Student: 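After the structure tokens below, expect a handful of questions from me.
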Amino acid sequence: MPARPRFELFYWPSIQGRGEFVRLAFEDAGVPYVDVARLPRAEGGGESAIVRVLRESPGSRLPFAPPILRVGRLLIAQTANILEYLAPLIGKSESEHLFAQQLQLTIADCVAEVHDTHHPITSGLHYEDQRPEARRRSAHFTRERMPKFLGYFERVLGGPKPRRHLVGRAVSYVDLSMYQLLSGLAYAFPRAFLHEARAIPGLLALQASVASRPRLAAYLASPRRIPFNEDGIFRHYPELDVARRGAGHS
């Protein structure tokens with residue numbers, strides 16, 4: 001039997017979630033990896049594989065939650081941390097790492113707020129058990145927070161004549177993550193996102209450019225790309241998709 005790839009990713013097998021940001025980096029770079037929990041149980045896969053990693057010996061450098069990357073005996077957790085570790089694989093120089101990490105952490109902040117639109121009280125309750133609070137939280141997110149995040153990233157690209165990349169002169173994991181963030185927002189809040197579209201031409205151009213990259217386009221069209229669904233972070237509930245008035249107009 002051929003040896004497993006050097007990189008082993010542990011993430012929930014039925015959702016994109018935070019693990020998808022890591023998958024995109026591997027897929028775009030063309031670096032072999034194994035998505036362990038998506039393997040058959042007979043090959044050590046399934047969600048039990050994640051549980052085994054989380055229950056490593058007490059006192060060791062334990063991860064709190066997936067995504068987790070295992071490279072030999074090294075375990076790395078937290079999406080931004082994993083992507084920073086992988087950064088040399090996708091061509092970023094050391095001098096750009098800090099700004100790339102800053103942007104990635106800001107993307108993570110936005111993703112966390114997206115999660116809280118449908119689970120504003122606790123992850124321990126179903127969406128249906130916190131629907132009134134979710135509507136209130138989502139209205140604030142789509143009218144205030146989402147425009148603020150998107151406006152910031154658009155300014156980073158440079159305004160009326162935006163640059164092609166968020167960091168440096170070549171694609172980075174931050175561009176890939178921005179593609180995922182924009183795609184997720186468009187899925188979860190299509191009406192609200194459409195209202196913001198005119199204000200973010202640079203981001204939309206970046207999104208289209210990333211989607212057209214050959215390796216990534218092949219992945220996105222393949223069964224390996226898990227569809228967005230209502231078990232992940234980006235969930236579409238029509239009652240939560242509230243567009244702000246006048247958005248996207250000068």
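Everything quoted here is computed from the prediction, not taken from an experiment. The residues of the chain are indexed from 1 along the displayed sequence.
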Student: Hey, are the side chains of Glu196 and Leu185 touching, using non-hydrogen atoms and a 4.5 Å cut-off?
Tutor: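 Result no, sub-4.5 Å side-chain heavy-atom pair not found.
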Student: Once rounded to the nearest 0.5 Å, what's the spacing between atom CG of Leu83 and atom CZ of Phe26?
Tutor: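 Answer rounded to 0.5 Å: 9.0 Å.
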Student: Would you sort out whether Tyr179 and Val171 count as a side chain to side chain contact (heavy atoms under 4.5 Å, CB included), showing the intermediate values?
Tutor: CA-CA 11 Å; Tyr179 165 83; Val171 71; over 6 Å; no
Student: Tell me whether the count of non-hydrogen atoms from other residues, nucleotides or ligands lying under 6.0 Å of CZ in Arg163 goes above 12.
Tutor: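 Yes, CZ of Arg163 has more than 12 neighbouring heavy atoms, counting only those of other groups under 6.0 Å.
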Student: Which value, rounded to the nearest 0.5 Å, describes the distance between Ile15 atom CD1 and Ile233 atom CD1?
Tutor: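 Reported value, rounded in 0.5 Å steps: 6.5 Å.
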Student: State, yes or no, whether a side-chain contact exists between Leu62 and Leu54 at a heavy-atom distance under 4.5 Å.
Tutor: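 Sidechains of Leu54 and Leu62: no contact.
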Student: Please tell me whether Val167 and Leu105 are part of a single hydrophobic cluster in this structure, the criterion being side-chain heavy atoms less than 4.5 Å apart.
Tutor: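 Per the 4.5 Å side-chain linkage, Val167 and Leu105 are not co-clustered.
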Student: For the backbone of Arg131 and the side chain of Arg135, can you confirm whether one donor and one acceptor N or O come within less than 3.5 Å of each other?
Tutor: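 Here the side-chain-to-backbone pair does not exist.
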Student: Under 4.0 Å between a Lys/Arg side-chain N and an Asp/Glu carboxylate O for Arg225 and Glu27?
Tutor: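 Result for this pair is no, no salt bridge flagged.
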Student: If only atom types and distance count, is the side chain of Thr142 paired as donor or acceptor with the main-chain N or O of Val242 below 3.5 Å?
Tutor: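 At least one qualifying donor-acceptor pair exists.
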Student: Please check if atom CG in Leu125 has more than 12 non-hydrogen atoms from other residues, nucleotides or ligands closer than 6.0 Å.
Tutor: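 Yes - once you tally the heavy atoms of other residues, nucleotides and ligands closer than 6.0 Å, there are more than 12.
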Student: Do Arg224 and Arg23 have side-chain heavy atoms sitting under 4.5 Å apart?
Tutor: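 Heavy-atom side-chain distance check fails, nothing below 4.5 Å.
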Student: How many angstroms lie between CG in Leu203 and CZ in Phe153, if you round to the nearest 0.5 Å?
Tutor: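 The CZ atom of Phe153 is 8.0 Å from CG of Leu203, to the nearest 0.5 Å.
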Student: May I ask you to say whether Glu113 pairs ionically with Arg145, meaning some side-chain N is under 4.0 Å from a carboxylate O?
Tutor: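 So Glu113 pairs with Arg145 through a salt bridge.
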Student: Would you call the rings of His119 and His115 parallel, tilted or perpendicular if under 30° counts as parallel and over 60° as perpendicular?
Tutor: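 Taking His115 first and then His119, their aromatic rings lie parallel (interplane angle under 30°).
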Student: Does one hydrophobic cluster hold both Ile226 and Ile82, with members joined at side-chain heavy-atom distances below 4.5 Å?
Tutor: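 No, it is not one cluster - the side chains of Ile226 and Ile82 are not joined through contacts under 4.5 Å.
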Student: Judged by atom type as modelled, is there a donor-acceptor pair below 3.5 Å linking the side chain of Arg198 to the main-chain atoms of His195?
Tutor: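 Here the side-chain-to-backbone pair does not exist.
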Student: Are the side chain of Asp241 and the backbone of Arg191 linked by a donor-acceptor contact shorter than 3.5 Å?
Tutor: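 Yes, the answer is positive, given that a donor and an acceptor are paired below the 3.5 Å cut-off.
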Student: Does the side chain of Phe149 come within less than 4.5 Å of Val111's, by heavy atoms?
Tutor: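 No, their side chains stay 4.5 Å or more apart.
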Student: Below 4.5 Å, heavy atoms only, C-beta onward: do Leu182 and Leu150 meet side chain to side chain?
Tutor: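 Contact flag for Leu182/Leu150 side chains = yes.
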Student: Count the heavy atoms belonging to other residues, nucleotides or ligands that lie under 6.0 Å from CZ of Arg164, then report whether that count exceeds 12.
Tutor: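 No, the 6.0 Å shell around CZ holds no more than 12 heavy atoms from other groups.
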Student: The test is side chain to side chain contact (heavy atoms under 4.5 Å, CB included); show your working for Val34 and Leu9 and say whether it passes.
Tutor: CA-CA 6 Å; Val34 59; Leu9 174 65; over 6 Å; no
Student: Which of these, Arg235, Arg136, Arg137, sits in a salt bridge (charged side-chain N to carboxylate O under 4.0 Å, His left out) with Asp116?
Tutor: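 That would be Arg137; it is the only one of Arg235, Arg136, Arg137 passing the salt bridge (charged side-chain N to carboxylate O under 4.0 Å, His left out) with Asp116.
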Student: Start with the C-alpha gap between Tyr33 and Phe7, add the side-chain angles, then the distance that decides, and say whether ring pair (Phe, Tyr, Trp, His ring centres under 6.0 Å) holds.
Tutor: CA-CA 5 Å; Tyr33 70 105; Phe7 298 102; 8.8 Å; no
Student: Is it the case that one hydrophobic cluster holds both Val36 and Val51, taking links as side-chain heavy atoms less than 4.5 Å apart, direct or via other members?
Tutor: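 Cluster IDs for Val36 and Val51 differ.
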Student: Do the two ring centres, one from Phe189 and one from Phe141, sit under 6.0 Å apart?
Tutor: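 Yes: the rings meet the under 6.0 Å criterion.
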Student: Using a 3.5 Å distance criterion without hydrogens, assess whether the side chain of Ser209 forms a donor-acceptor pair with backbone atoms of Leu206.
Tutor: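 Not at all, since once roles are kept as given, no pair shorter than 3.5 Å links the two residues.
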Student: Can you list the residues that meet the side-chain hydrogen bond (donor to acceptor under 3.5 Å, both in side chains) rule with Gln101, with sequence neighbours excluded?
Tutor: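 If we apply the side-chain hydrogen bond (donor to acceptor under 3.5 Å, both in side chains) test to Gln101, skipping adjacent residues, the hits are Tyr173.
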Student: Would you say the side chain of Phe10 lies within less than 4.5 Å of the side chain of Asp35, judging by non-hydrogen atoms?
Tutor: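 Of all side-chain heavy-atom pairs linking Phe10 with Asp35, none is under 4.5 Å.
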Student: Between Leu69 and Leu74, is there shared hydrophobic-cluster membership here, with clusters defined by ILVMFWY side-chain heavy atoms closer than 4.5 Å?
Tutor: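 Result: yes, single cluster for both.
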Student: Evaluate the side chain to side chain contact (heavy atoms under 4.5 Å, CB included) criterion for residues Leu103 and Val156: first the C-alpha distance (whole Å), next the side-chain angles of each, then the deciding distance (0.1 Å), finally the verdict.
Tutor: CA-CA 9 Å; Leu103 293 176; Val156 169; 4.2 Å; yes
Student: Which value, rounded to the nearest 0.5 Å, describes the distance between Phe228 atom CZ and Ser183 atom OG?
Tutor: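 The distance works out to 5.5 Å.
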Student: Can you name the nearest heavy-atom pair linking Ala65 to Ala77, along with the distance?
Tutor: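 Distance-wise, the nearest heavy atoms are O-CB, 4.2 Å.
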Student: Test your reading of the model: is there a side-chain donor-acceptor pair from Tyr11 to the backbone of Arg18, 3.5 Å cut-off?
Tutor: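 Yes; at least one donor-acceptor contact below 3.5 Å.
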Student: When rounded to the nearest 0.5 angstrom, what is the spacing between CD in Gln180 and CG in Leu220?
Tutor: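 Rounded to the nearest 0.5 Å, the CD-CG separation comes to 8.5 Å.
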Student: Under 3.5 Å, is there a donor-acceptor pair between the side chain of Asp175 and the main chain of Leu166?
Tutor: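 The answer is yes, because a donor-acceptor pair under 3.5 Å joins these two groups.
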Student: I need the Leu24 CG to Met178 CE distance, nearest 0.5 Å.
Tutor: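 Here the interatomic distance stands at 12.5 Å.
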Student: Within a strict 4.5 Å, meaning less than it, do heavy atoms of the Met146 and Cys110 side chains meet?
Tutor: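 Answer no - side chains too far apart.
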Student: Backbone N or O of Ala80 within a donor-acceptor pair of the Gln104 side chain at under 3.5 Å?
Tutor: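 No, Gln104 side chain to Ala80 backbone: no donor-acceptor pair under 3.5 Å.
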Student: Is there a side-chain contact between Leu86 and Val22 in this structure, where contact means two heavy atoms from C-beta onward sitting under 4.5 Å apart?
Tutor: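 The answer is yes; the side chains approach within 4.5 Å.
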Student: State whether the side chain of Thr106 and the backbone N or O of Gln102 hold a donor-acceptor pair below 3.5 Å, judged by distance alone.
Tutor: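 Indeed, once roles are kept as given, a pair shorter than 3.5 Å links the two residues.
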Student: Any donor-acceptor pair under 3.5 Å linking the side chain of Asp28 with the backbone of Pro214?
Tutor: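 Answer holds: no.
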Student: Would Glu230 and Tyr237 count as a side-chain hydrogen bond (donor to acceptor under 3.5 Å, both in side chains) if you check the C-alpha gap in whole Å, the side-chain angles of each, and the deciding distance to 0.1 Å?
Tutor: CA-CA 8 Å; Glu230 277 53 67; Tyr237 297 116; over 6 Å; no
